[in-house]
Amino acid sequence: VKPDFAEVWLARAELNLDLRSLDAAETDFRTVTRLKGWEAEAWWGLARVAKARRNRPEEAECMVRYKSAVRRRDRRMAEDRDHGIEVPSAYEPGLPLALSQP
């Protein structure tokens, strides 16, 4: 329903990784690399897919991209914090989605 709902893509990718459905896991993790703010999780997943395939060069490349994505995210979060910007999660207690739960 929501193609940019990264958590769902990541959950399915993790399930496929656990089931050793590596092609399906890779497809979902690659989709997440294009979703802003979720690149680090996607590259971490792709590194684990490459490791499961014993593809060391690809695993190393994914780890470089993972570390770069983490650094970018950390810088962005620090800049937001310094400017008093807070981006709440839809799942935080007290927000509308949480209030609609029984």
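Note: hydrogens, waters and symmetry copies are ignored here, and every other heavy atom, side chains too, is used. Keep in mind the model is a prediction, meaning the values are calculated, not measured.
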Under the rule for side-chain contact (heavy atoms from CB on, under 4.5 Å), what residues qualify as partners of [X], not counting sequence neighbours?
X	value
A60	none
R75	R71, R72
R54	none

Hits for salt bridge (charged side-chain N to carboxylate O under 4.0 Å, His left out) against R30, two or more places apart or cross-chain, chain-then-number order -> E26, E58
Among all residues two or more places apart in sequence or in another chain, which pass the salt bridge (charged side-chain N to carboxylate O under 4.0 Å, His left out) test with D23?
-> R53
So the salt bridge (Lys or Arg N to Asp or Glu O under 4.0 Å) pairs with at least one residue in residues 31-42 (sequence neighbours excluded) are E41-R73
Side-chain cluster (under 4.5 Å, hydrophobic types only) that L17 belongs to, other residues | W9, L10, L22, F29, V32, L35, W38, W43, W44, L46, V49, M63, Y66, V70
Shortest non-hydrogen contact between N16 and A25, atoms and distance = CB-N, 3.7 Å
Tell me every residue that passes side chain to side chain donor-acceptor pair (under 3.5 Å) with [X], counting only those two or more places apart in sequence or in another chain.
X	answer
D80	none
R56	E59
E61	R65

